[in-house]
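For reference, the structure is listed below as structure tokens.
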Amino acid sequence: QVQFVESGGGLMQPGGSLRLSCTASGSISSLFFVAWYRQAPGKGRELVAVIGSDGVTNYVEAVRGRFTMSRDTNKDTLFLQMNNLKPEDTGIYYCTADSRTFGQGTQVTVSS
């Protein structure tokens with residue numbers, strides 16, 4: 001089973017940008033999908049974006065137009081470019097290939 005290590009989080013002011021990375025322990029080319037989830041303080045984990053094996057991406061309404069998910073299959077790494085960050089984007093961000101298994105995640109805090 002492929003596992004992921006997320007990185008790139010940090011503290012950012014509203015309107016700023018961050019680029020998250022998610023490095024897989026194996027090939028991502030064979031995965032049916034990979035998704036980014038996030039968990040805000042005191043809330044449940046929610047889907048943010050997903051990329052299919054064909055490279056097609058989908059986003060939840062709250063981030064559409066601001067976040068871009070991409071991948072580098074040569075490096076088995078996925079990315080989440082987050083622009084125009086808002087305080088409500090604060091949370092721990094995770095990668096998963098089955099929506100059930102999650103690693104440590106990376107903390108994103110958007111605050112002035």
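- With ring centers used as reference points, Tyr37 lies under 6.0 Å from Phe102.
- Gln81 CD: more than 12 foreign heavy atoms inside a 6.0 Å radius.
- For the pair Tyr59 and Val48, the minimum side-chain heavy-atom distance is 4.5 Å or more.
- If you check the side chains of Asn83 and Ser17, you find a donor sitting under 3.5 Å from an acceptor.
- Of all heavy-atom pairs between Ala35 and Leu47, the closest is CB-CD1, 3.7 Å.
- Contact between Tyr94 and Gly103 at its shortest, heavy atoms only, is CE2-O, 3.3 Å.
- Looking at Val108 and Leu20, their side chains come closer than 4.5 Å, going by heavy atoms from C-beta outward.
- In the hydrophobic cluster analysis, where Ile, Leu, Val, Met, Phe, Trp and Tyr join through side-chain heavy atoms closer than 4.5 angstrom, Met82 is grouped together with Met12.
- The number of heavy-atom neighbours closer than 6.0 Å to CD of Gln107, taken from other residues, nucleotides and ligands shown, is above 12.
- The CD atom of Glu6 sits 8.5 Å away from the CZ atom of Phe4 when rounded to the nearest 0.5 Å.
- Remark: the Thr101 side chain and the Gln1 side chain contain an N/O donor-acceptor pair separated by less than 3.5 Å.
- Between Pro14 and Lys86 the shortest side-chain heavy-atom distance does not fall below 4.5 Å.
- To the nearest 0.5 Å, atom OG of residue Ser29 and atom CG of residue Asn74 are 8.0 Å apart.
- Atom OG of Ser53 and atom CD1 of Ile28 lie 11.0 Å apart (nearest 0.5 Å).
- Phe32 is connected to Val50 through a chain of hydrophobic side-chain contacts under 4.5 Å among Ile, Leu, Val, Met, Phe, Trp and Tyr, so both are in one cluster.
- Using a 4.5 Å heavy-atom cutoff, the side chains of Phe33 and Asp54 are not in contact.
- The backbone N or O of Lys75 sits less than 3.5 Å from a side-chain atom of Thr77, completing a donor-acceptor pair.
- Judged purely by atom type and a 3.5 angstrom limit, Thr106 uses its side chain to pair as donor or acceptor with the backbone of Gly9.
- Residue Leu85 is grouped with residue Val60 when hydrophobic side chains (ILVMFWY) are merged at heavy-atom distances under 4.5 angstrom, including chains of intermediate members.
- One finds the CG atom of Asp72 at 5.5 Å from the CZ atom of Phe79 (value rounded to the nearest 0.5 Å).
- Using a 4.5 Å cut-off on side-chain heavy atoms (C-beta onward), Thr96 and Trp36 make no contact.
- The two atoms that bring Gln104 and Ile92 nearest to each other are O-CG2, 3.8 Å, heavy atoms only.
- The SG atom of Cys22 sits 11.5 Å away from atom CD of Gln3, with the distance rounded to the nearest 0.5 Å.
- Using a 4.0 Å cut-off between a side-chain N of Lys or Arg and a carboxylate O of Asp or Glu, Arg71 and Asp76 do not qualify as a salt bridge.
- Using a distance-only test at 3.5 Å, with no hydrogens or angles considered, a donor-acceptor pair links the side chain of Thr90 to the main chain of Val110.
- Proximity of Arg38 to Val63: side-chain heavy atoms (C-beta onward) are separated by under 4.5 Å at one or more points.
- Closest heavy-atom contact between Val34 and Met69: O-CE, 3.2 Å.
- Within the 4.5 Å cutoff, the side chain of Leu31 has heavy atoms near those of the Val2 side chain.
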